[in-house]
Amino acid sequence: MESRKSVSKTLNLFIMNHKLFLLVIAVAVLLISCSTGDEQAAQNRDLNHMSVSEATLDSLINLMTLEEKLDLIHASSSFTSGGIPRLDIPELVFSDGPHGVRHEHGRGWYALEDADDQATYLPVGICLASTWNKDLGYDYGEVLGNEAKERGKDVLLGPGVNIIRSPLNGRNFEYLSEDPFLTGKMGVGYVKGLQDQGVAACPKHYTANNQETDRHNINAVISKRALHEIYLPAFKDVVQDGEAWSVMGAYNKVNGQYATHHEYLNNVVLKGNWEFDGVLLSDWASVKDTREALLYGTDIEMGTELLRDFNNPVYNEFYLANPAKEMIENGEVDERFVDNKVRRVLRLMHRSTALTDHGPGKRNVPEHQQKALEVAREGIVLLKNDGILPMDKSEINTIAVIGHNANRRFAGRGGSSQVNALYEITPLEGIRNLVGDDVDVVFAEGYEPYYDESLFRGDGGDAASQSRENRQDVELARTANEDLMQEAVALAEEADAVIFVGGWIHGHEGMPWGQGTYDAEARDKLNLKLIFGQEELIREINRVNDRTAVVLMGGSNVEMENWLPDTPAYLQAWYPGMEGGTAIAEIIFGDVNPSGKLPMTFANSHEDYPSHAIGEFPGDGSVEYTEGIYVGYRYFDTQDKPVTFPFGFGLSYTTFEFSELNVTREEDRVLVQTTVTNTGDRAGSEVVQVYVHHRDPSVERPLRELKGFEKIQLDPGSSAMVTVELDESSFQYYHPDELEWVLESGEYEIQVGNSSRDIKLRADVVL
Ligand code: BGC
């Protein structure tokens, strides 16, 4: 910390004493900037952005040797990139992850035993998105920023803003939504909250990292239209509205070129059109080529030794170390490409905690735990309620809590997003805490997770993927443990009510990374069938007790046709963080009125999703995104396909009415106003969702696209007017041939509702 402050002081003194010199340098750099191409454009933009401190950073570059510059643009340990001691420039310190600051590694790859690294474990990204509450997005980032700062991190590797293309993607729990608008808006709040604490956000993985199978090499083949309408907008939002200081490139290829050094994605779109002046960080070992990394936008290379010699990293052998030096010395690539990267790194250091003192930060404080609780309360989605919820504890003597997940902790698993949580309240604990001595809570595990290597293909390491073909193994994963089931059903039969807690799990204790995992990095799911015999168990419980609420964890849905019809109530809890058990109990017993809404369509089976029905997943070497722009509800609604629960859906214990829709055009914006009334007898929150539909488009367009939303809290009987503003971009589409955004005139229908399948009011506007 000391040395950082002294750098800042040195810089300030340098600025005061060398104003004229700096001006000369700035002008000189401007004049001698390279002559053509993306590099020229990027450098000009950099110079346009230049404040006095930028000029100082530029002048610093002139003091550096080539070796020193290269030190700044590749890893110096597992989670640092190099500094320059001679110039008092510190290393940059990174940390995962999206929902909590990851445990300490020191300079190596393994968790340190005695580190002081316990942290707040927030609900995962998909749970945050289910709140549809932009303010919570900001608060979430603020918690992470404070905790990262307290632990000396400069860059936090999140949020995950890849689009949920298939429900099978093992990392969907870290991502936000199938919809680019919702992803973008929630992501912007996160980025701002984080960076306001002086810690750089690093939205990831840019872009089309939509599966884990073969993630290091898969080539995602996507039309320009789908890229711009579906896979890029959230990144654009976090870069332009969120002003993210860094972005992480993806492992995969996009249309034939690795995303981390992709000429079009990085130089033309990110740094060109969007004017991103921050750092494009590689994913860990996503750089595959020195020349491309130098030319096509990679600013810092991390993790490459992961793929070489895990235990003896030689950082000078990174692509952006000695091989880059050789290329520059041979004259194959101009050194100014390195200077541009260095300038970006220094800019990031200047903006973030790396050089300046942004205050001490806070960790594991009650207000952070409170935020974790608020996100869980608003992110858990009530999907079915035949009237058994909320439960009244005064009417219950004995409640049976059944299911392995009721007593399982999730923080420490899932891949790079793992957190050493200060604590984690399980659903069983949350229920016991809430009912106290008034109700007898009995527990049975009900089913048992197990691991069988034959369930998986490959060596169980990073590159391994679950076989989709092995049907016999699928049956095995669905087998129930008879003894556990009998014990649970007997308890259920005796109890006044049952809360079953099951669903997916991140992985198995004691298993190496990647083995036996669902909802984890490097693995995709086989299908959406409930694992470990839970389907049979739920059916048996429903048979003996008709007051059963099912709570499912996970980063996606499961198939429901065999158990949902007979299940009176169902809550989707995702992985709800360290206070998740408290929130689940509060919702079940009515202390909290649920208000979460699905950020992804829950279809009947994975085969129904467009990526499987009309597209391809996971492909073989290359994966064709033939479904184009028809991702999620854009496909289900346009094609009128049945789903189990639609995008945007979620129940409340109260009811809302939408009335008086007014749509008015004001110059270049459209105002959508509607009145929402709480017509029930409990306070509650509703999400007003605004979808846009062109009535007669000249190119095919989805039936509806989300372009605005607002969450509103209302007391019983009260009303409020909600206003959502639409701008030009809300009506545009990306022209497949002209390759640019187009605003087509004509009649648009504005659809307002509380899910994509429950449009309550419609009005036209002519553009
Ligand atoms: C993941 C990234 C993560 C990085 C560092 C990679 O394998 O894809 O999301 O930030 O590792 O842990």
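The basis for the numbers below is simple: all heavy atoms, side chains too, and nothing from hydrogens, waters or symmetry mates. Ligands are counted one by one from 1 in listed order, and the atoms in each one are counted from 1 as well.
- Just one of E627, E178, H612, Q211 meets the side-chain hydrogen bond (donor to acceptor under 3.5 Å, both in side chains) condition when paired with R165; it is E627.
- Residue D283 places at least one N or O, backbone or side chain, under 3.5 Å from an N or O of ligand 1.
- By the criterion of a heavy-atom distance under 4.0 Å, neither the backbone nor the side chain of E174 is placed next to ligand 1.
- Residue-ligand proximity: R215 is placed with a non-hydrogen atom under 4.0 Å from ligand 1.
- Taking the six-membered ring for Trp and thresholds of 30 and 60 degrees, H262 and Y264 have ring planes more than 60 degrees apart, a perpendicular arrangement.
- Put simply, the residue from R343, R344, R351 that forms a side-chain hydrogen bond (donor to acceptor under 3.5 Å, both in side chains) with D277 is R351.
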Could you go step by step and tell me if K204 and D96 meet the salt bridge (Lys or Arg N to Asp or Glu O under 4.0 Å) rule? CA-CA 11 Å; K204 61 190 186 184; D96 285 302; 3.4 Å; yes
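- Atoms of ligand 1 lying under 4.0 Å from any heavy atom of R102, numbered from 1 in the order shown and given with element: 12 (O).
- Below 4.0 Å from some heavy atom of F79 lie the following atoms of ligand 1, by number and element: 5 (C), 12 (O).
- Contacts between K204 and ligand 1, counted as non-hydrogen atom pairs separated by less than 4.0 Å, involve the side chain only.
- Two rings, from Y518 and H506, have their centers 6.0 Å or more apart.
- Y138 does not carry K192 over the face of its six-membered ring by the limits of under 6.0 Å from the centre and within 45° of the normal.
- Remark: ligand 1 atoms within the under-4.0 Å shell around heavy atoms of M248 are 10 (O).
- Distances below 4.0 Å separate heavy atoms of L157 from the following atoms of ligand 1: 10 (O).
- Aromatic pair F318/W284: centroids not less than 6.0 angstrom apart.
- Only the side chain of R171 comes within 4.0 Å of ligand 1, counting heavy atoms alone; its backbone N, CA, C and O stay farther away.
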